[in-house]
2 protein chains.
Amino acid sequence: MSETDRGPVPAEPADRLIEVFDLVGPLYRRAQRKVEQEAPIEGLSVGVRAVLNMLREHGPMTVPQMGRAQALSRQFVQRMVNDATAQDLVGAVPNPAHKRSSLIRLTPRGRAAITAVIDRERAVLRQIDGELTEAEIAACVHVLSRLLRLLDDVDVD
Amino acid sequence: MSETDRGPVPAEPADRLIEVFDLVGPLYRRAQRKVEQEAPIEGLSVGVRAVLNMLREHGPMTVPQMGRAQALSRQFVQRMVNDATAQDLVGAVPNPAHKRSSLIRLTPRGRAAITAVIDRERAVLRQIDGELTEAEIAACVHVLSRLLRLLDDVDVD
DNA sequence: TCAGTCATGACAACTAAGGTGTCATTATTT
DNA sequence: AAATAATGACACCTTAGTTGTCATGACTGA
């Protein structure tokens, strides 16, 4: 119906990857909204949530590291870290590697908050556990990671 | 390093799905930025691009339909359609099914613009064609689709 | 058929995610 | 020691996307 005139298209891998991107958009937006609905309980903005989650799974990091890891500008992450600090969700500890840039790490309160959020999300995701195989999920992670690396040259700052 | 005290975690499927979401965020943002860098050539905002792309692969649709399809508010899509109309990228045709809500479809100019954009993206994606199998990509699409459906109850408007 | 409800388009106001530019300060590096 | 790069801080801005409201025209069901 939407084909112009050159007949059926072979649908090469690149096209299937475009399908992936077409899914990423709506998924991202829906997930954002879900987080917004849930997180207010803890009073977390999406940005703060992202920071806490990074610290949760990666351990203490510096602000610039987090920015690079999430493809966010250093300044934005800084603001989120400042917010989180004001709420006593994260704290700074001296960084042995870089004297200027301290390591940010979760406070007990921060850990409790992010754990609660993640647990609630896990509960939602468990609803579809049975329908997806481990292999499929692994493949998905793999494909997305590769795509991410492809776009990595997009540098911030 | 970030484990609190309850030892190694089994990493159930729900956790792997959280990994998926952790990838979706950065991927979405990087993709947005790439689009922003490319699209200015055609003068397309991200929203307009999304509309054109929907029409490209789905054929003519009404504004509310597009909103639902992309989990975007009706009003936002409307604005994008208005923008696109002003640029002569899309046009309205009478809708046999609903007399009030006309069908939006690509104009030749619109089709040319979105085709150019997609082709450029396809070229980028072809760089990694060889590294991902068809099966992996298919699995990825499957997983993302399922997740999308899970979050579907989030209704706009 | 007529009342009531529903869906659409239009417009306005708003929120928040996220970027950019700049400056002073402090680390690294050579 | 000088030059360069990285960090934090702050201000400003862009724009994606929502929400609210209203008038109007379209279905629907009694």
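In what follows, every chain begins at residue 1, and chains take the letters A, B, ... in the order their sequences are listed. Nothing here was measured: the structure is a model prediction, and the numbers come from that model.
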- Task: Would you check if A/Arg29 and A/Pro26 make a side-chain contact, meaning some heavy-atom pair closer than 4.5 Å?
- Result: yes
Rounded to whole angstrom units, what separation is found between the [atom1] atom of [X] and the [atom2] atom of [N]?
| X | N | atom1 | atom2 | result |
| --- | --- | --- | --- | --- |
| B/Gln65 | C/dA7 | CD | P | 13 Å |
| B/Gln78 | D/dT19 | CD | C1' | 16 Å |
| A/Arg30 | D/dG17 | CZ | P | 13 Å |
| A/Arg68 | D/dA5 | CZ | C1' | 12 Å |
| B/Asp83 | C/dC11 | CG | P | 12 Å |
| B/Leu72 | D/dT15 | CG | P | 18 Å |
| A/Met80 | C/dA17 | CE | P | 6 Å |
| B/Phe76 | C/dC11 | CZ | P | 17 Å |

- Task: Look up atom CZ in A/Arg68 and atom CZ in A/Arg74, then write down how far apart they are to the nearest 0.5 Å.
- Result: 10.0 Å
Taking atom types as they are modelled, is there a donor-acceptor pair under 3.5 Å from the base of [N] to the side chain of [X]?
| X | N | result |
| --- | --- | --- |
| B/Arg74 | C/dG9 | yes |
| A/Arg29 | D/dG17 | no |
| A/Gln75 | C/dG21 | yes |

- side chain to side chain donor-acceptor pair (under 3.5 Å) test vs B/Glu131 passes for just one of A/His142, A/Arg149, A/Arg146, namely A/Arg146
- In one Ile/Leu/Val/Met/Phe/Trp/Tyr side-chain cluster, 4.5 Å: B/Leu125, A/Leu144: yes
- Task: Report yes or no: do A/Leu89 and A/Val117 belong to one cluster of Ile/Leu/Val/Met/Phe/Trp/Tyr joined by side chain heavy-atom distances under 4.5 Å?
- Result: yes
- Has B/Asn82 got a side-chain N or O lying under 4.0 Å from the OP1 or OP2 atom of C/dG9? no
- Determine: side-chain N/O of A/Ser101 to OP1/OP2 of D/dG8, distance under 4.0 Å, yes or no. yes
- Message: Regarding A/Arg79, tell me which of base, sugar-phosphate or nothing describes its non-hydrogen contacts under 4.0 Å with the strands shown.
- Response: base
- Message: Of the listed nucleotides (D/dA16, C/dT26, C/dA17), which one gets closest to any side-chain atom of A/Arg100?
- Response: C/dT26
